[in-house]
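Take a look at the structure set out below.
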Amino acid sequence: MRLAQLAQLSLSALMFTMPLSASAADAPADDPYLWLEEVEAPKALDWVRAQNAQAEQEFAADRAYEPLRAELLRIVNSRDRIPFVTRMGSHYYNLWRDAANPRGLWRRTPLAEYAKAQPAWEVVLDLDALGKAENINWVWAGADCLRPDTPAQPYRRCLLALSRGGADATVLREFDLVDKAFVKDGFALPEAKQDANWKDLDTLWVASDFGPGSMTTSGYPRTVKEWRRGTPLAAARTVYEGRATDVSVGAYSERESGARRDWVYRSIAFWNTELFVQHDGRLVRVDVPRDASVQVFDDWLLVRTRTPWTVGGQTYPAGALLAAKFEDFMQGGRRLDVLYAPTARSSIDFVGQTQSAVLLAELDNVRPRLWELSHDGKSWQRRRVALPDEGQIGHLSTYWASDDYMFSRQDFTTPTTLMMRTAGGQDTQALRSLPRFFDAGGINTRQFEATSRDGTRIPYFIARREGLNPDGGNPTLLYGYGGFAVTQLPWYSGVFGKGWLERGGVLVLANLRGGGEFGPDWHRAAQRENKQRTWDDMAAVAEDLIQRKITSPRHLGIMGGSQGGLLVTATMVQRPELFGAVVSQVPLIDMLRYHKLLAGASWIAEYGDPDQPEDRAFIARYSPYQNVKQGVRYPRIFLYTSTRDDRVHPGHARKMVARMAEQGHDVLYFENIEGGHGAAATNEQAARMWAQTFSFLWRQLGAKPRP
């Protein structure tokens, strides 16, 4: 099985490298802080250390900070956390971090053992020991393991991805699961932003940095090669080469219905991908819309549309899931079965599959439903899994040779519970659950709607204590994202619970346009020239909270990361009177230059191209770095980023801090020297980040936390 994200590249996958700073020829003459884009230049790092020292001094003066940091570290290191697993053959595999193993243990346990309260784990690879032996702070970045020909055969060979300090760039090394060791003279690729997948035991598909001209302007590989064992990488056969202006290319193999299929994809833009399959000895393009997502289930081709698709005399809506017999479709047949058609307020959250069923998670007005779809030889049958329609369904884990699958359920006050069931079966078993990391007594969750500037209804969830006094004095944290079709759903977090909810804070989650809550049209409504709608939606939710007297500007804070960091920073610049504090994490901020920094060029489909005058005009109206002004009273902002973030350039946050400080604004800044785009590479770093965040928010939003 190969999910749609590999054909229509997912957000997390679209993060390959570019130089750490753009060339001087690309630099605007009127930007005095370009030197802060030189990520590891001594002058820039000295500036970072000075900023960090100021922040650490401030946090050290907060008597509540250190107890909170210690409590959050206890939570993130808790041995009662759920070890989420991936099945490979007769074992479940898990990457586990705790106080004794900050980098992590890759470990496994037999299938039957996992159901026990305390499974017996076998360590496969100790990341801390490896890092110590090699004197490199390795961070786990995943494993791609070669699927055996039959379920009875064991998994043996994997490609392990290891990152220095949490960056997206990785080294790849072949690993033997039986010997629990790296393969001597096995496949190995040096550090790069790259993707490699197994074709067979002796062959890899490799998309990587092969030297000058082999990367796109987005910083992704534009060449994919077939590399045979025992031959030098330089001798690998070129399979496909994209254009320099593409986002990336890649290749992979999958097996369905007893046959192996070899695939090549060419990502032209973020939501624009051509997919090819090796068919009758040649690469044949799969004739679906380039913005559609594709996966194969048994002998079916599944197509998830993003725009209306007219084929065979019938038009199918955006956001639909369609099925066609694979071979018939490749031969020109166009009979399509509709497995799912959205309504105005419903959408697909995700699609997965077991051995004999397609799993479809639906959102109905941002409330989850889970369906099992199967074909009985005549028609598709649809069956709803009985679950509460609140919170979220996630962590789907399936196995190609079984109908058993696992998934999780959670909401703001219900600890994450790992569930297991068999497709077509009657019972859903709760395998294990997080402990109650915080006191959620009396806290309930409700859904409201705000009206945005253009009249669109914007849903949001609010977690608050019963009997909350609507006097405008409640410390309230509004969280949002609003981009790249990413859906925001209520989650259970011991960190947010202990740091915010238990102490009397109100937590709000906004479902902004640009996200995926109501399908592709909800996302498309706030792309490019319409991106301002995302900021308008965030302001509308803030205004609604104030109008309901849940809070007031003095007590209202906003938080977001990455695209969400852009969201909260842009909204602050436009509507500073609405907020008392802002937390902007690993943010995009200089939107007239984002496309020249790291992976930024790959996001042009989302934001527009600043090099095009028409696009530059609408981007310039909201870009925070260009619009922040002297003499305006802004809420205090805490910007947090990572030196090792090679996805969103740390220069965004650095330059914004320098400019705001020059203008006389009160700014707080902390930069983790490692951590990648997640801003933390270890549990200790994560606990520090969140303790700093909540310490800042409580002090800025002005109310004393509950004892």
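Computed over heavy atoms, backbone and side chain alike; hydrogens, waters and symmetry mates excluded.
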To check you understand the geometry: which heavy-atom pair defines the closest contact between [X] and [Y], and what is its length?
X: Q194; Y: V171; answer: NE2-CA, 4.2 Å
X: F297; Y: T354; answer: CE1-O, 3.6 Å
X: P587; Y: V648; answer: O-CG1, 3.3 Å
X: A269; Y: S267; answer: O-OG, 3.2 Å
X: E40; Y: L45; answer: O-CD1, 3.6 Å
X: V183; Y: F175; answer: CG2-C, 4.0 Å

_With side-chain hydrogen bond (donor to acceptor under 3.5 Å, both in side chains) as the criterion, how do Q685 and N672 come out once you've worked through the C-alpha distance, each side chain's angles and the decisive distance to 0.1 Å?_
CA-CA 8 Å; Q685 292 171 12; N672 190 19; 2.9 Å; yes
*May I have the step-by-step check of salt bridge (Lys or Arg N to Asp or Glu O under 4.0 Å) for R228 and D202, ending in yes or no?*
CA-CA 6 Å; R228 295 285 298 172; D202 294 316; 5.2 Å; no
*Intermediate values then yes/no, side-chain contact (heavy atoms from CB on, under 4.5 Å), F187 and W198*: CA-CA 11 Å; F187 287 117; W198 294 97; 4.0 Å; yes
*Show your reasoning for whether side-chain contact (heavy atoms from CB on, under 4.5 Å) applies to T109 and H91.*
CA-CA 5 Å; T109 191; H91 287 81; 5.7 Å; no
*Yes or no on side-chain contact (heavy atoms from CB on, under 4.5 Å) for L34 and R593, after CA distance, side-chain angles and deciding distance?*
CA-CA 11 Å; L34 280 174; R593 192 162 164 74; 3.4 Å; yes
Geometric cation-pi criterion [X] and [Y], 6.0 Å radius, 45° cone:
X: R107; Y: Y93; result: no
X: R306; Y: W271; result: yes
X: R173; Y: F182; result: yes
X: K225; Y: F210; result: yes
X: R147; Y: W400; result: yes

Can you find a pair of side-chain heavy atoms, one from [X] and one from [Y], that are under 4.5 Å apart?
X: R243; Y: R266; result: yes
X: L321; Y: I348; result: yes
X: R528; Y: E606; result: no
X: Y607; Y: D615; result: no
X: D195; Y: Y252; result: no
X: T398; Y: L359; result: yes
X: V124; Y: L177; result: yes
X: E274; Y: I268; result: yes

_Evaluate D262 against S253 for side-chain hydrogen bond (donor to acceptor under 3.5 Å, both in side chains), listing each step before the verdict._
CA-CA 4 Å; D262 299 329; S253 298; 2.7 Å; yes
Report the relative orientation of the aromatic rings in [X] and [Y]; use parallel for angles under 30°, tilted for 30 to 60°, perpendicular for over 60°.
X: W309; Y: Y316; value: tilted
X: F484; Y: Y481; value: tilted
X: W263; Y: F326; value: perpendicular
X: W140; Y: W106; value: tilted

*Is the closest basic N to carboxylate O distance between R103 and D126 below 4.0 Å?*
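No, R103 and D126 are not salt-bridged.
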*Is any side-chain N of the basic residue among D328 and R334 closer than 4.0 Å to the acidic one's carboxylate O?*
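Looking at R334 together with D328, the answer is no, because their closest N to O distance does not fall below 4.0 Å.
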Hey, could you give me the [atom1]/[atom2] distance between [X] and [Y], rounded to the nearest 0.5 Å?
X: Q295; Y: E254; atom1: CD; atom2: CD; result: 10.0 Å
X: W205; Y: D200; atom1: CH2; atom2: CG; result: 9.0 Å
X: L125; Y: L130; atom1: CG; atom2: CG; result: 5.5 Å
X: L162; Y: L127; atom1: CG; atom2: CG; result: 6.5 Å
X: L339; Y: L360; atom1: CG; atom2: CG; result: 8.0 Å
X: L592; Y: R616; atom1: CG; atom2: CZ; result: 4.5 Å

Report yes or no: does [X] contribute a side-chain atom to a donor-acceptor pair with the main-chain N or O of [Y] at less than 3.5 Å?
X: S218; Y: S602; answer: yes
X: R304; Y: S293; answer: no
X: D176; Y: V178; answer: yes
X: T305; Y: A320; answer: yes
X: S402; Y: D404; answer: yes
X: D298; Y: W300; answer: no
X: N197; Y: A251; answer: yes
X: D128; Y: G104; answer: yes
X: R222; Y: G242; answer: yes
X: T203; Y: W227; answer: no

*Return yes if a side-chain donor-acceptor contact under 3.5 Å exists between N272 and R290, otherwise no.*
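N272 vs R290: donor-acceptor pair found between side chains.
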*Is a side-chain donor-acceptor pair under 3.5 Å present for T216 with D246?*
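Short answer, no.
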*With sequence neighbours left out, what residues match E174 under salt bridge (charged side-chain N to carboxylate O under 4.0 Å, His left out)?*
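E174 satisfies salt bridge (charged side-chain N to carboxylate O under 4.0 Å, His left out) with R157, R229 only.
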_From CA spacing to verdict: salt bridge (Lys or Arg N to Asp or Glu O under 4.0 Å), E122, K180_ = CA-CA 10 Å; E122 174 191 5; K180 296 189 292 185; 3.0 Å; yes
_Just checking F270 against W603, ring centres under 6.0 Å apart?_
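Aromatic pair excluded; centres sit 6.0 Å or further apart.
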*Near-ring test F276/Y265, centroid separation under 6.0 angstrom*: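 Between Y265 and F276, the centre distance exceeds or equals 6.0 Å.
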*Carefully, step by step, assess R654 and V39 under the rule side-chain contact (heavy atoms from CB on, under 4.5 Å).*
CA-CA 10 Å; R654 291 177 178 182; V39 175; 4.2 Å; yes
*Which is it for T643 and E671 under the side-chain hydrogen bond (donor to acceptor under 3.5 Å, both in side chains) test, yes or no, and what are the steps along the way?*
CA-CA 6 Å; T643 310; E671 181 174 316; 2.5 Å; yes
_All side-chain contact (heavy atoms from CB on, under 4.5 Å) counterparts of E614, not counting sequence neighbours_ =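 Listed in chain order: nothing, the list is empty.
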